[in-house]
Protein chains: 2
Amino acid sequence: MTRNRKMTEDNVMTIREMCDTFEVTPRTLRFYEAKELLFPIRQGTKRLFTRRDRARLKLILRGKRFGFSLEEIRQLLDLYNPSDEQGTQLAKTYELACQRLADMERQREELDEAIEELRNRLAWGEEQLSALKSKEAAE
Amino acid sequence: MTRNRKMTEDNVMTIREMCDTFEVTPRTLRFYEAKELLFPIRQGTKRLFTRRDRARLKLILRGKRFGFSLEEIRQLLDLYNPSDEQGTQLAKTYELACQRLADMERQREELDEAIEELRNRLAWGEEQLSALKSKEAAE
DNA sequence: CGTTTCGTTTACGTTCGCGTCAAGCATTGA
DNA sequence: TCAATGCTTGACGCGAACGTAAACGAAACG
């Protein structure tokens, strides 16, 4: 056999290594697997997470920060998947991704607006605070 | 009395008008009131939503789209509130808003990244699709 | 006058995204 | 060999954000 010493199964991670790397719990990773968001290799009873799983998890966590549900994220992940989809399936996925892109661009516009507004309110807040301070000083 | 004809309580809306305008259910509005996100006037038993409630609801719905929890949103709303807060309270609100702003700016960067990546995948998807089409044509 | 039409409260139900045991196998080190 | 450690599979629990059904009050309309 060409491989010795622990087989060095290249580039896979145990569940604990995953948890430490991404700051999630084992429960979360198993939950995502149950929801078909991740597909770790099963070596005997244990899970081994590949490069692909890591990439997917990154996208999952990002999606969550954008307020997407796990189901929405799952559908998006299919797009990033070098899968063996046939014509109609591929077309459907493509369609879906276009919509998500539109969603995200709308969301960005809103986000810009919201940031702008919040900046204004913060400026107003600073005024209030400094006004209060000078009033305090006057006593 | 200076007012006749239905009192035209200027600029308030019934719960139904609110629902139609913002595409939410009555339950949702009552729920938000219970959580102290909205404060409609009570005329007898009924609720009347003011301009202020409408502005707040708009911010609530926006916040939700950004993935904020109702509690986080409630705290942010205090900032937009021409409230009678005292020094320490105002300072706390200000502090919190700064953090949220930072959150949103980080989210914006991530969003840009995500949009960029999704665009790339879409381009890749188009290739696949056109490849499939020419293959079909060849048969 | 009765009966729809709104609105209300109360309260239990539901879905999502995990947390938290309990009980069991499996490797590992003393 | 034996206990500790790590990972596993259920299974139940939980907070958030509402849905939904029951039972009632008030106003509006023919």
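These values consider heavy atoms only, across backbone and side chains, with no hydrogens, waters or symmetry-generated copies. Every chain is numbered from 1, with letters handed out A, B, ... down the list of sequences.
- Closest approach of B:Met13 to B:Met18, counting heavy atoms only: CE-N, 3.6 Å.
- Taking atom CD of residue A:Glu71 and atom P of nucleotide C:dG17, one finds them 9 Å apart after rounding to whole Å.
- Under the rule for a side chain to side chain contact (heavy atoms under 4.5 Å, CB included), the partners of A:Glu33 that lie at least two apart in sequence or sit in another chain are A:Pro40, A:Arg42, A:Arg47.
- Judged as a salt bridge (Lys or Arg N to Asp or Glu O under 4.0 Å), and not counting sequence neighbours, B:Arg27 has no contacts.
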For nucleotides 3-6 of chain D, tabulate all protein N/O to nucleotide N/O atom pairs closer than 3.5 Å, reporting atom names and distance.
none

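- Atom CD of B:Glu72 is separated from atom P of D:dG15 by 18 Å (rounded to the nearest Å).
- Contacts between residues 57-66 of chain B and DNA chain D, defined by a heavy-atom separation under 4.0 Å, are made by B:Lys64.
- For A:Arg30, there are no salt bridge (Lys or Arg N to Asp or Glu O under 4.0 Å) partners, not counting sequence neighbours.
- To the nearest angstrom, P of C:dC18 lies 9 Å from CD1 of A:Ile73.
- For the side chain to side chain contact (heavy atoms under 4.5 Å, CB included) test, residues two or more places apart in sequence or in another chain that qualify with B:Thr14 are B:Arg16, B:Glu17.
- Applying the salt bridge (Lys or Arg N to Asp or Glu O under 4.0 Å) rule to B:Glu126 yields no partners; only residues at least two apart in sequence or on another chain are considered.
- For the pair A:Phe31 CZ and C:dT20 C1', the computed distance is 15 Å after rounding to whole Å.
- Rounded to an integer number of Å, the gap from B:Phe68 CZ to D:dA16 P is 17 Å.
- Under 4.0 angstrom from either OP1 or OP2 of D:dA17 there lies no side-chain N or O belonging to B:Tyr32.
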Distance-only donor-acceptor pairs under 3.5 Å for side chains of residues 69-76 of chain A, two or more places apart:
{"from": "A:Ser69", "atom 1": "OG", "to": "A:Glu71", "atom 2": "N", "distance (Å)": "3.4"}
{"from": "A:Ser69", "atom 1": "OG", "to": "A:Glu72", "atom 2": "N", "distance (Å)": "3.2"}
{"from": "A:Glu71", "atom 1": "OE1", "to": "A:Arg74", "atom 2": "NE", "distance (Å)": "3.2"}
{"from": "A:Glu71", "atom 1": "OE2", "to": "A:Arg74", "atom 2": "NH2", "distance (Å)": "2.9"}
{"from": "A:Glu71", "atom 1": "OE2", "to": "A:Gln75", "atom 2": "NE2", "distance (Å)": "3.0"}
{"from": "A:Glu72", "atom 1": "OE1", "to": "A:Ser69", "atom 2": "N", "distance (Å)": "2.8"}

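- Protein atom NZ of A:Lys35 is 7 Å distant from nucleotide atom P of C:dG17, rounded to whole Å.
- With sequence neighbours excluded, the residues forming a side chain to side chain contact (heavy atoms under 4.5 Å, CB included) with B:Lys58 are B:Phe22, listed by chain and number.
- Computed from coordinates, the A:Leu70 CG to D:dA16 P distance equals 18 Å when rounded to whole Å.
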Give every pair of a protein N or O atom and an N or O atom of nucleotides 9-13 of chain D that lie under 3.5 Å apart, one pair per line with the distance.
{"from": "D:dT9", "atom 1": "OP1", "to": "A:Arg42", "atom 2": "NH1", "distance (Å)": "3.4"}
{"from": "D:dT9", "atom 1": "OP1", "to": "A:Arg42", "atom 2": "NH2", "distance (Å)": "2.6"}
{"from": "D:dT9", "atom 1": "OP1", "to": "A:Arg47", "atom 2": "NH2", "distance (Å)": "3.2"}
{"from": "D:dT9", "atom 1": "OP2", "to": "A:Arg47", "atom 2": "NH1", "distance (Å)": "2.8"}
{"from": "D:dT9", "atom 1": "OP2", "to": "A:Arg47", "atom 2": "NH2", "distance (Å)": "2.6"}

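- Between B:Thr25 and D:dC18 there is no side-chain N or O to OP1 or OP2 distance below 4.0 Å.
- Residues satisfying the side chain to side chain contact (heavy atoms under 4.5 Å, CB included) test with B:Thr28, not counting sequence neighbours, are B:Val24, B:Thr25, B:Tyr32.
- For A:Arg54, there are no salt bridge (Lys or Arg N to Asp or Glu O under 4.0 Å) partners at least two apart in sequence or on another chain.
- The distance from atom CG of B:Asp20 to atom C1' of C:dG7 is 14 Å, rounded to the nearest whole Å.
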So B:Glu105 and A:Arg119, salt bridge (Lys or Arg N to Asp or Glu O under 4.0 Å) or not? Walk me through it.
CA-CA 11 Å; B:Glu105 283 172 338; A:Arg119 281 227 180 85; 2.3 Å; yes
